[in-house]
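Structure first, commentary second.
Each chain gets a letter, A, B and so on, in the order its sequence line appears, and its residues count up from 1. Remember, it's a predicted structure, so these values are computed and weren't measured experimentally.
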Protein chains: 4
Amino acid sequence: MGRPNHSDIKRSEIVQYVYKAIQDHGIEGATLSTIASYMDGHKSLLTYYFNTKEELFIALVDWCIEEYEKFYFESIKDITDYRERYEKSIELIFSRQWHENINVKVFYSCLYLSMYNPKIKIRFKDMYRRFLESLESELTLYKEKGLINIDDISGTASYILAIVEGFDQLWITMEDSHDFEKSSKLFQQQVRTMLEG
Amino acid sequence: MGRPNHSDIKRSEIVQYVYKAIQDHGIEGATLSTIASYMDGHKSLLTYYFNTKEELFIALVDWCIEEYEKFYFESIKDITDYRERYEKSIELIFSRQWHENINVKVFYSCLYLSMYNPKIKIRFKDMYRRFLESLESELTLYKEKGLINIDDISGTASYILAIVEGFDQLWITMEDSHDFEKSSKLFQQQVRTMLEG
Amino acid sequence: MGRPNHSDIKRSEIVQYVYKAIQDHGIEGATLSTIASYMDGHKSLLTYYFNTKEELFIALVDWCIEEYEKFYFESIKDITDYRERYEKSIELIFSRQWHENINVKVFYSCLYLSMYNPKIKIRFKDMYRRFLESLESELTLYKEKGLINIDDISGTASYILAIVEGFDQLWITMEDSHDFEKSSKLFQQQVRTMLEG
Amino acid sequence: MGRPNHSDIKRSEIVQYVYKAIQDHGIEGATLSTIASYMDGHKSLLTYYFNTKEELFIALVDWCIEEYEKFYFESIKDITDYRERYEKSIELIFSRQWHENINVKVFYSCLYLSMYNPKIKIRFKDMYRRFLESLESELTLYKEKGLINIDDISGTASYILAIVEGFDQLWITMEDSHDFEKSSKLFQQQVRTMLEG
DNA sequence: GATGAATGAGTATTCATTCAT
DNA sequence: CATGAATGAATACTCATTCAT
């Protein structure tokens, strides 16, 4: 590959402006001009650092996925007490912090992009695959420690993933009228009941 | 409203072309020209029947929502045997037919649109509200008949809705590598276990 | 093919503006904006009638070639007296009228384009092939009538073509300091001597 | 003039890249970026050695003209035997080596440039003037030695020049379908017949 | 002596929309 | 009822050039 030696600092700075632009104006509204209006420099700076708009969007997707994963993995990786880790995990996947870590509009814009752009599709697929693998290994661990009582670990993992994503989707649609905290509590309870039998 | 005196037949015909265009080329790709390329007439026919592109998209959203609901309600409305109705319902919400009734790409394109267009947002919100109400009344019925055993009817309804939507989202992302039938079975089982306790 | 029913009148009108723009500003200078500045309408009219700039340039090339040929063929086609026809031919191919019928700069711009654009290259090739064929049949006629005395008709034709084109090229380079009339007379004389032996 | 103190070696190296770029991509395709892609250094090196793109192109024209002349003059300058010199001259001006010494595309690109750029126009004019002068002095010499038999030396010189250039032009247009060697022989014969009477 | 970040004017092309017929 | 000519703003992207280092 040999990424050109354009300063990576500048690149990731720019990605933030793309993020904001999409958050505020959506995909079609996030033109190079609009994005540039968030930054200091001239808009041609965008195509200087990222050759095409597609590249720019892919960089955003990469960043979002990275943030999305980082937040989750960093939050639990140091917890060695299994019970604590189990409970923290359940809490985390329905937590406001995680779901707001990446703006829901931006996340769903990226998801939308993934449907028509193969390069982005692959990234999402990989992310979900990694997330599923991680969920499975966590569930295996908890089962070994007698914290949960399930048979189909792989199936349960995708079931949980679906609930987490559905939780998110409910949120965009209902938004203001949706009581996040109440739902979160409820969903956590349901998932725990399912796992603990 | 005062629908203009343009032939409604022509209008709904056109909506189908918008549907196809979005399915094939996404939102940004579904320009008036592209849409027109699917039909016989000239592209100015589009703005003749629908004054603006926004109106055209709203018409599509309306049609999709209508189809989405119609399929569900029509499928169960005539089943009077409660057990059968209950089982058919669970089966239906995770069925291939329903989830493919409206193309997933088109559905998520509409969902994407709803995030930035207030008029479309309202429509989605209303649809989900109606769906939740319907789910609640169904659950109430099944509970009365002793088929299920839950306390928080309203909470359970939104939980189920989330699972259904999450199931869909899993599908777009994993697509080919995703075994629809197996997941469907699994999800149905999980939901039944949750409901029947 | 089925050329869209864009008025051909408008199309050929536009080609004239391209002609003028290239004459005045060369290929690189003949941007859509520049071309549009010659006409009444908006520049997007150009891509309305001709989808791409390439199409526009090809239309110009076609028109130039057509004019180029028309002038020559129309000038001699009705002359039935062989001697007159022969003399008129020689005069014509070194005449100011013919060489100025299409502006030399425009002609050489088209020739330049032909070097890098295959579609245009073919057109030039075909034109020269047609011109050679016509020259050959003329020479054959004159030979039969005893007006000229040559052996290699085909070779002589390409030799004459080269002289004609070289005459043109001399003209662009020398331009003002070049005495067109004197050269024309001289070249005519040389060619006649060669032909008549 | 006062050539800047930039290394002339580097400058002439760069001119070669311009040559290649034009040969491969034409004038419009020969952007500073494209040219730079042929060399090792960064593209700003180009404007470092040549302040503007125009200067760069002029340098190319100068180099081409120099090569063009050098090849001709060097080839005959040492031949003292008049008959040999005469025959070599005729052969040379229709030789593959000379006409391929500078790539035809590049040569005609320069010729094209000369039509719109006064600085380049002057260079071409001067070149042709020098070439004509040289032809005239050669013809004078051959006439004195009784090798040829013509009256109008100056006129004959421009006639020959035209044939040579026309020969080239025929070549670009017909290219593959054009039998260079056969034409060359034919043209040489014609010119000799004309000169020798 | 050379680099590469940054610029801003300019490119062809696309777009939804208008309007006269 | 429908067309298609015409528009002009907007699009992503490219360009030669400048300038600080």
Side-chain angles (χ1 to χ4, degrees), chain A residues 4-7 9-11 14 28-36 39-57, chain B residues 4-7 10 14 28-36 39-57, chain C residues 4-7 9-11 14 28-36 39-57, chain D residues 4-7 10 14 28-36 39-57:
Chain A
N5 57 2
H6 296 324
S7 146
I9 303 136
K10 195 82 185 183
R11 276 177 69 99
I14 288 174
E28 323 91 54
T31 67
L32 295 187
S33 291
T34 307
I35 296 167
M39 40 180 233
D40 268 344
H42 194 268
K43 79 175 169 171
S44 62
L45 205 62
L46 292 171
T47 39
Y48 175 64
Y49 278 95
F50 300 85
N51 294 320
T52 64
K53 204 187 172 188
E54 194 201 12
E55 241 186 72
L56 197 54
F57 276 6
Chain B
N5 59 357
H6 299 319
S7 143
K10 196 81 185 183
I14 290 174
E28 322 91 52
T31 67
L32 294 188
S33 291
T34 307
I35 296 166
M39 37 179 236
D40 269 342
H42 193 265
K43 84 175 172 175
S44 60
L45 204 64
L46 292 170
T47 38
Y48 176 62
Y49 279 98
F50 301 86
N51 294 320
T52 66
K53 202 188 175 188
E54 194 199 12
E55 246 186 67
L56 196 55
F57 275 8
Chain C
N5 56 2
H6 295 324
S7 146
I9 303 136
K10 195 82 185 182
R11 276 176 69 99
I14 289 174
E28 324 91 54
T31 67
L32 294 187
S33 291
T34 308
I35 296 167
M39 40 180 231
D40 267 344
H42 195 267
K43 79 175 169 173
S44 61
L45 204 63
L46 292 171
T47 39
Y48 175 64
Y49 279 95
F50 301 85
N51 295 319
T52 64
K53 204 187 174 189
E54 194 201 14
E55 242 186 70
L56 197 55
F57 276 6
Chain D
N5 58 358
H6 299 318
S7 144
K10 195 83 185 181
I14 289 173
E28 323 90 51
T31 67
L32 294 187
S33 291
T34 307
I35 297 166
M39 38 179 235
D40 269 342
H42 192 266
K43 81 174 174 175
S44 59
L45 205 64
L46 293 171
T47 38
Y48 176 61
Y49 279 97
F50 301 85
N51 294 320
T52 65
K53 202 190 174 187
E54 195 200 11
E55 244 186 68
L56 196 55
F57 274 8

Nearest whole angstrom, please: distance from the C1' of F/dC1 to the CE of B/M39.
13 Å
OP1 or OP2 of E/dA5 under 4.0 Å from side-chain N/O of A/Y48
yes
Can you list the steps and then say if A/R11 with A/I14 is a side-chain contact (heavy atoms from CB on, under 4.5 Å)?
CA-CA 5 Å; A/R11 276 177 69 99; A/I14 288 174; 5.8 Å; no
Not counting sequence neighbours, which residues clear side chain to side chain donor-acceptor pair (under 3.5 Å) with A/S44? List them please.
A/H42
Could you tell me if the side chain of D/L46 sits less than 4.5 Å from the side chain of D/M39, heavy atoms only?
yes
Look at C/T31 and E/dT11 and indicate whether a side-chain polar atom (N or O) is within less than 4.0 Å of OP1 or OP2.
yes
Kindly point out which of F/dT11, F/dT17, F/dG8 is positioned nearest to the side chain of A/S33?
F/dT11
B/E28 CD to B/T34 OG1 distance, which is reported to the nearest 0.5 Å
11.0 Å
If you take all heavy atoms of A/F50 and A/E55, which pair is closest and at what distance?
CA-OE1, 3.8 Å
Sorted by position of nearest nucleotide on DNA chain E, 5' first, the leading residue of A/L45 and C/T52 is A/L45
Go nucleotide by nucleotide along DNA chain F from the 5' end; which of B/S44 and D/K53 gets its closest nucleotide reached first?
B/S44
Nearest heavy-atom approach of B/A36 to B/K43 is CB-CB, 3.3 Å
Quick check: on DNA chain F, is the nucleotide nearest B/K10 upstream (toward 5') of the one nearest D/K43, or the reverse? Name the residue that is more 5'.
B/K10
Measure CG/B/N51 against P/E/dT17 and give the value in whole Å, please.
9 Å
Pairing annotation in dot-bracket form, given for DNA chain E with Watson-Crick or G-U pairs under 3.5 Å and | for cross-strand partners
.||||||||||||||||||||
Identify, between A/D40 and C/E28, the residue whose nearest nucleotide on DNA chain E lies closer to the 5' end.
A/D40
